[in-house]
2 protein chains.
Amino acid sequence: MKRRSITSYDVARAAGVSQSAVSRAFSPGASIADATRKKVLRAAQELGYQPNAIARSMSTARKDDHQKSGMVGVIVTRLEDPFFAHTIAHFSRNLQAQGWHMLLFTVDSQAQVDDALNALMQYQIDGVIILSALLSNHMTKVCRSKGIPVMLYNRSAAESGVSSVVIDNREGGRLAADLLREAGHDRIAFVGADTEDETSRERRAGFEERLRADGLSPVQVETGDYTFVSGREAGLRLFARSERPDAVFCASDVMALGVLHAVRFELGLRVPQDLSLIGFDDIPSAAWPGHLLTTIRQPIRRMIREAVDMLVERMENSEAEAKITRFPGSLILRDTVRRIDTGQTKNET
Amino acid sequence: MKRRSITSYDVARAAGVSQSAVSRAFSPGASIADATRKKVLRAAQELGYQPNAIARSMSTARKDDHQKSGMVGVIVTRLEDPFFAHTIAHFSRNLQAQGWHMLLFTVDSQAQVDDALNALMQYQIDGVIILSALLSNHMTKVCRSKGIPVMLYNRSAAESGVSSVVIDNREGGRLAADLLREAGHDRIAFVGADTEDETSRERRAGFEERLRADGLSPVQVETGDYTFVSGREAGLRLFARSERPDAVFCASDVMALGVLHAVRFELGLRVPQDLSLIGFDDIPSAAWPGHLLTTIRQPIRRMIREAVDMLVERMENSEAEAKITRFPGSLILRDTVRRIDTGQTKNET
DNA sequence: TTCTGCGATGAATGCGCATTCAATATCATG
DNA sequence: CATGATATTGAATGCGCATTCATCGCAGAA
């Protein structure tokens with residue numbers, strides 16, 4: 001099948017102008033007479049011509065330091081997680097709104113991030129967003145040397161050339177502990193992830209910090225992997241042991257829901273009467289009538305808008321500085337944490 | 001900053017060979033001596049050279065009908081929906097496994113699909129996957145004329161050049177009706193989507209067909225938009241009217257969970273004692289201990305593998321035919337549909 | 001030894017476009 | 001009407017690579 005695609009030359013011929021004119025007709029701000037542009041656009045319309053973005057990025061290659069492909073690489077782990085799906089959805093819309101395209105790569109582990117980035121770089125991406133993962137020192141250098149701005153979302157990095165947008169995990173942990181302490185709990189458990197995981201580590205750190213202020217420490221610590229299933233199992237383990245907690249703080253809503261379903265529907269415990277439960281993220285299902293999970297909300301819309309804006313700024317202006325932006329989380333009071341009767345409060349500890 | 005990137009010429013110079021040799025070193029199957037290839041690869045390694053995929057696709061432009069960019073465009077609506085998130089995650093992994101890259105585009109409505117596809121086509125994608133949306137006749141033609149294979153997932157289309165992978169929605173609806181009838185229900189409601197929506201229409205069609213066989217029809221029909229919130233509201237409306245159903249079939253699990261939470265936690269009804277409920281999809285949260293939603297499962301892993309394989313086949317071999325593949329759904333019995341005591345069954349109606 | 005054939009190699013070319021540079025057209029001003 | 005200034009235009013060029021074409025060299029055949 002001979003189906004050579006329509007090029008600017010075809011349009012030029014049809015419109016009776018030069019190829020340059022066609023190119024200019026499609027370049028905002030180019031020096032071209034209105035009449036000519038119209039003529040070209042009409043011809044293009046008729047032929048069904050669309051500029052070839054690939055060729056376009058080839059020819060702009062010389063422009064400055066590196067070519068602009070108009071594509072942003074996004075590397076994500078655990079896309080199946082509702083929290084990430086939401087995040088990606090927002091990233092996608094925000095990038096699109098500014099005319100950028102998203103080249104998506106899914107990885108299973110931190111170890112694959114470098115490979116993914118390598119693959120993406122072959123496509124001359126103009127920037128990269130990495131969700132909940134870090135970049136090796138080596139790749140950080142490579143990106144810097146190629147002038148590719150990196151945006152870490154949900155992870156902080158102090159390296160130069162690497163921006164990040166994160167929630168204040170430590171403060172979030174503190175808020176959670178605060179609430180549980182106010183409600184009078186003193187046998188509090190924590191369900192987090194692997195100690196490798198920065199997010200969980202920080203949330204736990206803030207949490208324990210606050211407990212320590214009252215001379216306490218978690219009565220139990222369980223480890224999950226941010227999935228519902230792991231949360232459920234953690235919940236089951238928590239209450240299989242003798243030292244049962246009277247409150248549980250989970251490093252994510254998904255895990256908190258796992259705990260909630262386990263204790264309420266499998267163990268028959270009452271929440272919040274038998275135990276209080278607090279999560280982190282405020283995913284949509286936390287607000288479902290049967291859950292009403294008390295949690296720490298991440299302002300993800302704002303966070304993502306900020307992340308995209310920062311990245312775009314750096315892609316468009318290579319002088320722009322990389323920086324870390326930390327957002328505060330906020331406590332969302334729902335029904336899984338025991339309420340203290342006002343009046344005779346504040347005399348717990 | 002002068003940071004011209006490393007090109008094949010740089011590597012050629014370093015390795016003491018011609019640029020052609022470098023190109024060949026990176027092209028599997030090219031005619032090149034082993035020693036030369038090794039020499040080139042070593043030099044490339046040292047310089048940190050990676051072939052430029054963009055330039056690569058430029059130069060292969062002449063090869064046959066159109067250039068191979070190695071990218072597949074994916075257009076998705078409602079990425080925030082857990083069902084879609086899962087789907088995208090699988091697509092991403094499957095495509096990657098075969099060496100393809102995913103250029104993701106999120107749209108809000110059917111109307112934006114054409115624009116999205118146009119944008120994607122500028123990137124010379126080799127194929128396109130459209131989730132839960134259709135393609136206009138115009139764009140169908142455009143894709144055919146450019147030789148871009150189209151894969152519709154979750155929508156069927158008979159157009160030539162357009163493949164699709166779908167679940168057998170009609171049969172699924174029938175299965176659901178079957179089960180509810182066997183359980184002795186006769187005041188059955190349906191919660192679906194807009195009549196524009198093929199999926200919901202088909203599920204409903206199969207469902208009603210089965211009811212008609214028993215001389216019945218839905219006592220109520222509610223419309224949602226596949227979100228939890230819309231399901232919840234539909235549930236509330238269903239039971240606000242006098243003709244209360246004794247069973248509800250929802251066109252999706254997410255909506256079914258909306259109904260479940262509404263009736264169980266807001267209206268205080270018992271499921272399945274006061275009403276039976278059945279969903280469609282079998283999303284992970286349908287299996288949570290507090291839900292145990294009876295549903296029709298879609299074999300999404302298999303479906304997606306098939307979709308990717310079919311598309312890849314068509315991208316690699318332009319002779320390959322487009323076709324529609326329909327997968328059967330299967331009934332997953334959990335706890336939201338009343339069980340019939342065996343023995344004195346079958347005498348319901 | 002000479003000839004044939006094939007694997008390996010490099011020079012040259014073009015993919016489709018944006019951009020530079022030089023040439024021309026148009027305009028306002030004196 | 002002349003003149004410089006400005007707005008348009010087209011020809012030519014190169015982005016980085018794969019591929020074609022013409023050589024070259026070498027191994028095995030005669």
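Lettering of chains follows the sequences in order, A, B, ..., and the numbering in each one begins at 1.
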S69(B) side-chain N/O to Q124(B) backbone N/O, donor-acceptor pair under 3.5 Å: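 Yes, because the side chain of S69(B) sits within donor-acceptor range (under 3.5 Å) of the backbone of Q124(B).
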
Taking 4.0 Å as the cut-off, does a side-chain nitrogen or oxygen of [X] come that near to OP1 or OP2 on [N]?
X	N	result
S57(B)	dC15(C)	no
S8(B)	dC17(D)	yes
T36(A)	dT9(D)	yes
S18(B)	dG10(C)	yes
S59(A)	dA18(C)	no

Touch class at under 4.0 angstrom, heavy-atom based, for Y9(A) against every strand present: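 Base, at least one base heavy atom under 4.0 Å.
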
Sugar-phosphate, base or nothing in reach of V17(A), heavy atoms under 4.0 Å: sugar-phosphate

Would you mind reading off the distance between [X] atom [atom1] and [N] atom [atom2], rounded to a whole angstrom?
X	N	atom1	atom2	answer
Q19(A)	dT9(D)	CD	C1'	12 Å
K38(A)	dT8(D)	NZ	P	12 Å
I32(B)	dC6(C)	CD1	C1'	17 Å
I6(B)	dC15(D)	CD1	P	16 Å
M58(A)	dT19(C)	CE	C1'	14 Å
R56(B)	dG16(C)	CZ	C1'	19 Å
R24(A)	dC21(C)	CZ	P	13 Å
Q122(B)	dA18(C)	CD	P	10 Å

Donor/acceptor link under 3.5 angstrom from R37(B) side chain onto base of dT9(C): no

Side chain S20(B) and base dA18(D) donor-acceptor under 3.5 Å: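 It does not, because no donor-acceptor pair links the side chain of S20(B) to the base of dA18(D) below 3.5 Å.
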
Counting side-chain heavy atoms from C-beta on, which of [options] comes nearest to [X]?
X	options	result
S23(B)	dT9(D), dG10(C), dT19(D)	dT19(D)
A55(A)	dC17(D), dG10(D), dC17(C)	dC17(C)
S5(A)	dG16(C), dA18(C), dG7(C)	dG16(C)

Pairwise side-chain contact, V11(A) with Q19(A), heavy-atom cut-off 4.5 Å (strictly under): no

Flag side-chain contact, heavy atom, 4.5 Å: Q122(B) against H101(A): no

K146(B) and D126(B) ion-paired at < 4.0 Å: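 Salt bridge flag = no for D126(B) with K146(B).
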
Proximity of F26(B) and Y49(B) rings by center, below 6.0 Å: yes

